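What you see is a predicted model, and the numbers here were worked out from it, not measured in a lab.
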Amino acid sequence: MNIKLERLKEAQKKAKDLFDIIEKENIIRPNISEKQLSSEIYELAKDRLKIKKYWHKKIVRTGPNTIFPYDENPDTLIIKDDDILWIDFGPIFENYEADFGRTYVLGNNLEKLKLKLTVENAWNDAKEFYLSKSSITGKELFNFLEDYALYNGYLFGNNIAGHLIDEFSHYKIHKSSPENYICQENLTDLKASFDNLPRFWILEVHFIDKNKKFGSFFEQLLL
């Protein structure tokens, strides 16, 4: 049994538990700011799951802000009726990182619902593509998702489609180089070992509509 893999799986399960609580408690609602919702999720995570530590910034993005990738820091917006928003949290559980992102649509806007579903399907299809290969480079997997977006009438919203996940902090274990991201520049095999140890990946899918009005996001551990 791979202990690291089991710990990463446990961390992902607990992150999913957090998102299940978010949905059950119906805290995603209009007329509050992205910042307020982020704070409410933080308090919920602390009270229900004893989560206090995160390895990356806590993201809630709504409306026009949903087109911006992780590295951007747009001004906070108010969540509106009939809005689309995505949430990306990276909690730490027993010194192992989780990374979990989901999109939510308030109301019944068909364009937004379609984009949300397409992104979820893209994640699952990319996972099947990854699993079907004995070896696959970061470039190949990135190109698969970029082509998937274009085929469905969207744009891929970032220059990466994922990254390594590990013990906290993986930045101290792995250098910040293309080989550690699912991106065009990574020509190495994602399934190859590092110092004789397997590597594990977060797959993240971010599509935006061609008019750049809104986007959708989905991420979790790639297994």
key: His206 and Tyr70 aromatic centres sub-6.0 Å   =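 Not close enough - the centres of the two rings lie 6.0 Å or further apart.
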
message = Suppose we call two aromatic rings close when their centres sit under 6.0 Å apart. Are Phe142 and Phe156 close by that rule?
response =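 For Phe142 and Phe156, the ring centres are under 6.0 Å apart.
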
Salt bridge (charged side-chain N to carboxylate O under 4.0 Å, His left out) between Lys53 and Glu97, intermediate numbers included = CA-CA 10 Å; Lys53 192 173 182 181; Glu97 303 164 343; over 6 Å; no

Do [X] and [Y] come close enough that some side-chain heavy atom pair is under 4.5 Å?
| X | Y | answer |
| --- | --- | --- |
| Ile32 | Ile78 | no |
| Leu150 | Leu155 | yes |
| Ile41 | Ile27 | yes |
| Glu204 | Phe217 | yes |
| Val119 | Val205 | yes |
| Asp83 | Thr66 | no |

message = Go through it in stages, so that I can follow the logic: the residues are Phe100 and Phe19, the test is ring pair (Phe, Tyr, Trp, His ring centres under 6.0 Å), and I'd like the CA-CA distance, side-chain angles, deciding distance and then a yes or no.
response = CA-CA 8 Å; Phe100 211 84; Phe19 277 69; 5.0 Å; yes

key: Intermediate values then yes/no, salt bridge (charged side-chain N to carboxylate O under 4.0 Å, His left out), Lys46 and Glu43   = CA-CA 5 Å; Lys46 184 172 66 172; Glu43 292 300 324; 3.4 Å; yes

Tell me, please, whether [Y] has [X] positioned over its six-membered ring: NZ or CZ under 6.0 Å from the ring centre and within 45 degrees of its axis?
| X | Y | result |
| --- | --- | --- |
| Arg7 | Phe93 | no |
| Lys191 | Tyr130 | yes |
| Lys58 | Tyr54 | yes |

message = Surrounding CG of Asn108 (heavy atoms of other residues, nucleotides or ligands, distance under 6.0 Å), is the total greater than 12?
response =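 No, because the 6.0 Å sphere around CG of Asn108 holds 12 heavy atoms or fewer from other groups.
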
key: Hydrophobic cluster identity match, Ile22 and Leu49, side-chain contacts under 4.5 Å   =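 Same hydrophobic cluster.
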
inquiry  = Hydrophobic clusters here meaning ILVMFWY residues chained together by side-chain heavy-atom distances under 4.5 Å, can you tell me if Trp86 and Ile67 are in one?
reply    =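 No, it is not one cluster - the side chains of Trp86 and Ile67 are not joined through contacts under 4.5 Å.
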
[X] side chain vs [Y] backbone, donor-acceptor pair below 3.5 Å:
| X | Y | answer |
| --- | --- | --- |
| Trp123 | Leu203 | yes |
| Arg61 | Pro69 | yes |
| Asp189 | Ile136 | yes |
| Asn180 | Leu164 | no |
| Glu140 | Thr137 | yes |
| Lys80 | Gly63 | no |
| Asn186 | Ile182 | no |
| Lys4 | Phe200 | no |
| Glu34 | Thr62 | yes |

First locate atom [atom1] of [X], then atom [atom2] of [Y], and finally report the distance between them rounded to the nearest 0.5 Å.
| X | Y | atom1 | atom2 | result |
| --- | --- | --- | --- | --- |
| Glu10 | Leu5 | CD | CG | 10.0 Å |
| Arg199 | Trp201 | CZ | CH2 | 4.0 Å |
| Asp88 | Asp99 | CG | CG | 5.0 Å |
| Ile208 | Phe214 | CD1 | CZ | 10.5 Å |
| Leu223 | Gln12 | CG | CD | 7.0 Å |
| Leu85 | Asn65 | CG | CG | 11.0 Å |

message = One thing to verify: whether Asp17 and Lys13 come together as a salt bridge, which I'm taking to mean a side-chain N less than 4.0 angstrom from a carboxylate O.
response =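 Between Asp17 and Lys13 there is a salt bridge, with a charged N closer than 4.0 Å to a carboxylate O.
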
ask   = Between the side chains of Asn143 and Gln184, does any donor sit under 3.5 Å from an acceptor?
value =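 Present: a donor and an acceptor within the cut-off.
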
query = Side chains of Lys57 and Asn73: donor-acceptor distance under 3.5 Å anywhere?
reply =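 Note: Lys57 and Asn73 side chains meet the donor-acceptor criterion.
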
Test side-chain hydrogen bond (donor to acceptor under 3.5 Å, both in side chains) applied to Arg102 and Gln220, Glu23, Glu120, the passing residue =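 Only one of Gln220, Glu23, Glu120 forms a side-chain hydrogen bond (donor to acceptor under 3.5 Å, both in side chains) with Arg102, namely Gln220.
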
task = Just jot down the side-chain contact (heavy atoms from CB on, under 4.5 Å) partners of Arg48, sequence neighbours excluded, or say none.
result =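 For Arg48, the residues satisfying side-chain contact (heavy atoms from CB on, under 4.5 Å) (neighbours in sequence not counted) are Ile21, Glu25, Leu44.
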
task = Taking all heavy atoms of Ser33 and all of Thr76, pick out the closest pair and write down the distance.
result =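 Closest heavy-atom pair between Ser33 and Thr76: CB-OG1, 4.2 Å.
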
request  = Not counting sequence neighbours, list each pair that qualifies as a side chain to side chain donor-acceptor pair (under 3.5 Å) and has a residue in residues 209-219.
outcome  =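 Non-adjacent pairs meeting side chain to side chain donor-acceptor pair (under 3.5 Å): Thr103-Ser216.
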
